[in-house]
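Data first, discussion second: the structure below is written as structure tokens.
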Number of protein chains: 2
Amino acid sequence: MSTSINAPYHHGNLRRALLEAALIILEREGEAGLGLRDLARAVGVSAAAPYRHFDGRAALLEALAVTGFQRFTAAMEAIPLANPPDLMAAMGKTYVLFALDNANLFRLMFSPQLKRTAAPACAWPPTRRSKPCAISAVATPRPAASPRSRPWARVHGLAVLLLDGQIAIRAGEDTEALIAEIVRTSLRLAPAILPV
Amino acid sequence: MSTSINAPYHHGNLRRALLEAALIILEREGEAGLGLRDLARAVGVSAAAPYRHFDGRAALLEALAVTGFQRFTAAMEAIPLANPPDLMAAMGKTYVLFALDNANLFRLMFSPQLKRTAAPACAWPPTRRSKPCAISAVATPRPAASPRSRPWARVHGLAVLLLDGQIAIRAGEDTEALIAEIVRTSLRLAPAILPV
DNA sequence: CAGATATGTGAACATTGATAACATGGAGCG
DNA sequence: CGCTCCATGTTATCAATGTTCACATATCTG
């Protein structure tokens with residue numbers, strides 16, 4: 001367990017601690033409620049300390065977004081392989097659940113206020129890189145024109161609709177099953193998935 | 001032209017002036033770049049003046065959102081009546097174009113940071129109230145379950161996808177025609193529109 | 001062990017949202 | 001007309017925030 005929690009440095013691995021605390025605050029208070037001083041206070045460190053690890057608030061937010069994309073990718077990679085239709089459904093479900101479980105982070109990941117200097121770290125759209133049949137790009141060319149890109153666009157739209165409350169989930173409902181069904185319905189309307 | 005620009009009050013109709021200036025700043029600088037002091041300065045008034053008209057920054061943002069919904073509704077009402085399929089397509093196109101033309105305002109309208117005390121003023125989903133055959137609610141019950149609500153959910157998702165850059169529009173392209181086509185394609189997949 | 005470098009601290013500064021006390025000008029009434 | 005009252009706007013002020021700078025301390029390298 002001596003992987004990363006230990007203190008290789010002076011006060012501990014601050015950068016990681018900051019990011020973790022920031023993720024919690026972000027999810028609880030929203031992006032506007034994430035202040036650098038609060039953050040420093042939460043980690044038990046001086047107000048100027050974060051500046052040793054991030055160029056400023058904007059850079060901190062960008063690092064958070066990168067973290068988000070990493071976790072997002074990890075969640076995708078964790079999906080067991082399957083034949084394309086099932087895989088697609090599973091990825092869609094994972095996509096939407098990730099958005100719901102990390103609402104503010106997800107919003108941040110696609111926020112226009114990001115300068116995206118670390119663009120390559122923000123890997124989108126999702127892929128299963130181990131699978132040559134994986135679904136590929138959507139954002140780069142003009143995705144609307146590419147039939148095999150539409151499913152992701154649709155799933156993303158679905159996620160945002162849920163986040164925006166345009167598709168409400170009644171309390172006490174089986175969220176996961178409901179999501180799965182919505183995704184399935186949504187994808188059924190999509191054109192067939194083309195192997196790359 | 002003496003409709004509303006004139007000065008019925010002391011310094012002029014400040015509330016309206018503030019809202020108009022705020023809309024411009026919001027579109028140019030984004031929500032984060034909209035400061036009360038900048039705003040006051042832009043209108044040529046003291047920094048404390050806006051507080052006579054809005055309870056604070058949050059209230060100002062909420063008022064902006066309400067304004068957005070009003071303009072949105074107005075845009076919808078301006079659509080000439082037609083038979084349901086054509087009407088639907090026209091409303092979808094208007095919906096998406098509104099989102100693109102007022103990107104930051106649109107984002108604000110659906111932002112989770114709004115307390116929505118003025119909920120009734122935030123009229124969504126869009127309706128053509130003069131038409132009994134109009135399309136009705138989506139958000140209130142559980143829209144995913146209601147077949148006739150899905151088109152709006154889909155159009156909203158489309159708008160957000162465009163805003164988030166997941167569906168890119170190449171520069172110098174006929175935006176309007178492209179949007180119309182995307183909306184048409186998207187709606188064609190939707191279940192038939194049911195008259196209310 | 002010594003110096004260089006990375007990391008954290010404390011004190012500052014400008015700016016912001018917000019509030020309170022004061023000023024002003026028009027509306028309404030005698 | 002003249003007076004008061006109230007909505008509106010101003011100035012002064014405060015606490016909090018992002019940011020920077022000079023300084024301190026721990027870690028690493030030679």
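Below, each value reflects all heavy atoms present in this structure, side chains not excepted, and no hydrogens, waters or symmetry copies. Lettering of chains follows the sequences in order, A, B, ..., and the numbering in each one begins at 1. Keep in mind that this is a model prediction, so the values were computed, not measured.
- Atom CG of Asp101(B) sits in a crowded spot, with more than 12 heavy atoms from other residues, nucleotides or ligands closer than 6.0 Å.
- The pair Asp164(A)-Arg107(A) counts as a salt bridge, with a side-chain nitrogen and a carboxylate oxygen less than 4.0 angstrom apart.
- With dG10(C), dT16(C), dA18(C) as the candidates, the nucleotide lying closest to the side chain of Ala48(A) is dG10(C).
- Within 4.0 Å of Arg57(A), counting heavy atoms only, lie sugar-phosphate atoms of the nucleic acid but no base atom.
- Under 3.5 Å, the side chains of Gln113(B) and Glu31(B) contain a donor-acceptor pair of N or O atoms.
- In this structure, Arg71(B) places its CZ atom where only 12 or fewer heavy-atom neighbours from other residues, nucleotides or ligands lie under 6.0 Å away.
- dA16(D) atom C1' lies 15 Å from atom CG of Leu34(A), rounded to whole Å.
- For Leu14(A) and dT25(D), the CG to P distance is 18 Å, given to the nearest whole Å.
- With hydrogens and angles ignored, a donor-acceptor pair under 3.5 angstrom links the side chain of Arg52(B) to the base of dG9(D).
- Atom P of nucleotide dT9(C) and atom CG of Leu36(A) are separated by 14 Å, given to the nearest angstrom.
- dA18(C) atom C1' lies 14 Å from atom CG of Leu60(B), rounded to whole Å.
- Relative ring orientation between Phe69(B) and Phe72(B) is described as perpendicular, the plane-to-plane angle rising above 60° on a 0-90° scale split at 30° and 60°.
- Toward the 5' end of DNA chain C, the nearer of the two residues Arg37(A) and Ser46(A), judged by each one's closest nucleotide, is Ser46(A).
- Heavy atoms of Arg41(A) sit under 4.0 angstrom from primed sugar atoms or phosphate atoms, though from no base atom.
- Rounded to an integer number of Å, the gap from CG of Asn13(B) to C1' of dG9(D) is 14 Å.
- Atom P of nucleotide dG17(C) and atom CD of Gln113(B) are separated by 13 Å, given to the nearest angstrom.
- Of the two residues near DNA chain D, His53(B) and Gly35(A), the one whose nearest nucleotide lies more 5' is His53(B).
- Atom CG in Asp38(A) sits about 5 Å away from atom P in dT17(D), given to the nearest Å.
- Counting to the nearest Å, the P atom of dG8(C) and the CZ atom of Arg15(A) are 12 Å from each other.
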